[in-house]
Peer 1: 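Have a look at the structure that comes next, please.
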Amino acid sequence: MRPTVPLPPELRAGPFTRAEAQTYGITERMLRGSRFRRLAREVYVAASAPLTLELFCRAACLAIPEAVLSHHTATAALRLPAGVHERGILRVHFTVPTTGPRSRHLTASCHVEALPPDQVVATRWGPATSPARTFLDRAAELDLPDLVALGDAIVGRGCATLAELTAIVTWAGGRRGVVNARAALPLLDGRSRSPMESRTRVVLILGGCPAPEVNVAVLDADGEWLAEGDLVWREAKLIVEYDGRDHLTEKQRRVDAQRRNQFMAAGWTLLIVTADLVLRRPWELIALVKAQLMAAAA
């Protein structure tokens with residue numbers, strides 16, 4: 001029985017080409033064995049390596065040198081938020097300048113377009129569309145609240161400015177999704193701190209509520225700092241906050257209760273909303289906030 005060639009560290013976790021394998025003494029016959037998995041034409045990975053989107057992206061870039069990660073995959077490579085219903089997607093989206101044969105082994109969606117050089121950036125996963133171009137591409141796939149959440153993250157993290165997003169939407173002309181992108185631009189606010197906070201804000205604005213201030217300091221009657229509110233209607237003394245997973249700990253719940261008491265003592269109304277209300281019963285959220293605003297104006 002032939003001794004097993006030890007797998008070098010460089011080939012244990014990530015994808016590699018047939019040529020790279022051969023430099024380590026791994027033969028064609030070995031590659032066809034159970035220790036390896038073929039991901040794409042001429043591209044393999046150790047069978048023990050976990051199958052992740054990053055792995056498939058790096059494999060796609062090895063198999064198709066001209067590929068640029070795009071659309072949903074670009075948001076992941078750039079560490080930007082995806083849509084609320086897009087978790088766990090392993091299909092790779094990439095853009096290439098021309099049509100041609102693609103590997104059947106690679107689970108991927110191919111988009112054909114010649115990308116301007118300034119719309120491509122380097123990432124750990126491989127070349128990807130720039131944040132501004134990704135915003136434009138995703139405008140054809142996401143609903144308006146999710147697109148605003150993406151734009152908020154891009155602007156808030158300094159990945160692109162509002163002017164740069166506006167410029168690429170203008171450059172896009174009449175391509176698919178540009179109407180959605182134009183609608184999103186005036187709704188963007190880089191002060192938003194989470195996708196669901198952004199989505200909550202957009203749902204309320206589209207429902208007819210006036211636009212709130214975002215993550216601003218709330219003061220008491222004496223001008224003393226109380227806390228910072230997520231969505232603030234100052235004249236109505238109303239605050240809406242999204243309660244996400246970071247509010248599940250007992251310590252955080254105590255902090256939240258203390259903040260709520262401070263707001264109430266200063267005459268503010270604090271509404272805590274959850275994903276169920278925002279995503280599944282938005283009309284109830286809109287009605288609740290409108291009622292509070294109307295009561296404050298009476």
Peer 1: Any heavy-atom pair between the side chains of Asp230 and Arg201 that's under 4.5 Å?
Peer 2: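 No - every pair of side-chain heavy atoms lies 4.5 Å or more apart.
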Peer 1: CG/Leu162 to CG/Asp189 distance, rounded to the nearest 0.5 angstrom?
Peer 2: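 Separation between the atoms: 10.0 Å.
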Peer 1: Between Ile205 and Ile286, is there shared hydrophobic-cluster membership here, with clusters defined by ILVMFWY side-chain heavy atoms closer than 4.5 Å?
Peer 2: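 No, because Ile205 and Ile286 fall into different hydrophobic clusters, even though each may have its own neighbours under 4.5 Å.
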Peer 1: In the structure I gave you, are the side-chain heavy atoms of Gln292 and Trp233 within less than 4.5 Å of one another anywhere?
Peer 2: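 Gln292 does not reach Trp233 side chain to side chain.
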Peer 1: For the CG atom of Leu62 and the OH atom of Tyr44, what is their distance to the nearest 0.5 Å?
Peer 2: 13.0 Å
Peer 1: Inspect the contact between Glu213 and Arg191 and indicate whether a charged nitrogen and a carboxylate oxygen are less than 4.0 angstrom apart.
Peer 2: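 Salt bridge: no.
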Peer 1: Do Thr129 and His71 make a side-chain contact, defined as non-hydrogen atoms from C-beta onward lying under 4.5 Å apart?
Peer 2: no
Peer 1: Any chain of hydrophobic side-chain contacts (each under 4.5 Å) joining Val148 to Leu165?
Peer 2: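 In one cluster: yes.
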Peer 1: Can you tell me if Lys290 uses its side chain to pair, donor with acceptor, with the backbone of Gly207 under 3.5 Å?
Peer 2: yes
Peer 1: Taking Leu80 as the starting point, is it possible to reach Val169 by hopping between hydrophobic residues whose side chains are less than 4.5 Å apart?
Peer 2: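 Looking at the clustering, Leu80 is in the same group as Val169.
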Peer 1: If you take all heavy atoms of Lys237 and Ala266, which pair is closest and at what distance?
Peer 2: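 For Lys237 versus Ala266, the nearest heavy atoms are NZ-O, 2.9 Å.
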Peer 1: Below 30° counts as parallel, above 60° as perpendicular, anything between as tilted: where do the rings of Phe36 and Phe16 land?
Peer 2: perpendicular
Peer 1: How about Leu55 and Leu39: do any of their side-chain heavy atoms sit closer than 4.5 Å?
Peer 2: yes
Peer 1: Determine whether a donor-acceptor pair (N or O, by modelled atom type, separation under 3.5 Å) exists between the side chain of Glu20 and the backbone of Thr17.
Peer 2: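 Checking the backbone N and O of Thr17 against the side chain of Glu20, a donor-acceptor pair under 3.5 Å is found.
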Peer 1: What's the spacing between Arg37 CZ and Ser34 OG if we round to 0.5 Å?
Peer 2: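 These two atoms lie 11.0 Å from each other.
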Peer 1: Please name the pair of heavy atoms, one in Arg157 and one in Pro81, separated by the smallest distance, quoted to 0.1 Å.
Peer 2: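 Looking at all heavy atoms of both residues, the closest pair is NH2-CD, 4.0 Å.
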Peer 1: Determine whether Leu293 and Leu270 fall in the same hydrophobic cluster, where Ile, Leu, Val, Met, Phe, Trp and Tyr are linked whenever their side-chain heavy atoms lie under 4.5 Å apart.
Peer 2: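 Result: no, two separate clusters.
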Peer 1: Looking only at heavy atoms, which two atoms of Thr123 and Ala128 are closest? And how far apart?
Peer 2: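 Closest heavy-atom pair between Thr123 and Ala128: CG2-CB, 3.8 Å.
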Peer 1: Which value, rounded to the nearest 0.5 Å, describes the distance between Asp276 atom CG and Leu285 atom CG?
Peer 2: 11.0 Å
Peer 1: Would you say that more than 12 heavy atoms from the other residues, nucleotides or ligands in this model lie under 6.0 Å from the CZ of Arg234, or not?
Peer 2: yes
Peer 1: Heavy atoms only: give me the nearest Val289-Cys209 pair and the separation to one decimal.
Peer 2: CG1-SG, 3.9 Å
Peer 1: Start with the C-alpha distance between Val273 and Leu288, add both sets of side-chain angles, then the distance that settles side-chain contact (heavy atoms from CB on, under 4.5 Å), and finish with yes or no.
Peer 2: CA-CA 10 Å; Val273 302; Leu288 180 62; 5.5 Å; no
Peer 1: Under 4.5 Å between any side-chain heavy atoms of Arg79 and Arg124, yes or no?
Peer 2: yes
Peer 1: Does the side-chain contact (heavy atoms from CB on, under 4.5 Å) test come out yes or no for Val214 and Glu197, once each step is laid out?
Peer 2: CA-CA 9 Å; Val214 179; Glu197 182 184 302; 3.7 Å; yes
Peer 1: What verdict does the side-chain contact (heavy atoms from CB on, under 4.5 Å) test give for Leu31 and Arg38, after you've listed the backbone C-alpha separation in whole Å, the side-chain angles of each residue and the deciding distance to 0.1 Å?
Peer 2: CA-CA 8 Å; Leu31 287 174; Arg38 185 182 178 190; over 6 Å; no
Peer 1: May I ask whether Leu90 and Leu69 are part of the same hydrophobic cluster, defined by side-chain heavy atoms of I, L, V, M, F, W, Y residues being less than 4.5 angstrom apart, directly or through others?
Peer 2: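 In one cluster with Leu90: Leu69, yes.
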Peer 1: Does any N or O in the side chain of Glu141 come within less than 3.5 Å of the main-chain N or O of Arg138, such that one atom is a donor and the other an acceptor?
Peer 2: no
Peer 1: Just how far is it from atom OG1 of Thr134 to atom CG of Leu78, taken to the nearest 0.5 Å?
Peer 2: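 Thr134 atom OG1 to Leu78 atom CG measures 5.0 Å (nearest 0.5 Å).
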Peer 1: Show the numbers, then the answer: is there a side-chain contact (heavy atoms from CB on, under 4.5 Å) between Trp125 and Thr52?
Peer 2: CA-CA 11 Å; Trp125 296 10; Thr52 63; over 6 Å; no
Peer 1: Compare all side-chain heavy atoms of His93 with those of Asp137 and state whether any distance is below 4.5 angstrom.
Peer 2: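 Heavy-atom side-chain distance check fails, nothing below 4.5 Å.
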Peer 1: Any idea which heavy atoms bring Thr73 and Arg91 closest together, and the distance?
Peer 2: OG1-O, 3.6 Å
Peer 1: Is the shortest heavy-atom distance from the side chain of Leu271 to the side chain of Leu238 under 4.5 Å?
Peer 2: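 Yes; the side chains approach each other to less than 4.5 Å.
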Peer 1: To the nearest 0.5 angstrom, please state how far the CG atom of Asp243 sits from the CD1 atom of Ile272.
Peer 2: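 Those atoms lie 6.0 Å apart.
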Peer 1: Taking all atoms of both residues into account, what is the closest heavy-atom pair of Asp146 and Arg199, and its distance?
Peer 2: OD1-NH1, 2.7 Å
Peer 1: A side-chain contact here means heavy atoms from C-beta on lying under 4.5 Å apart; do Val112 and Val96 qualify?
Peer 2: yes
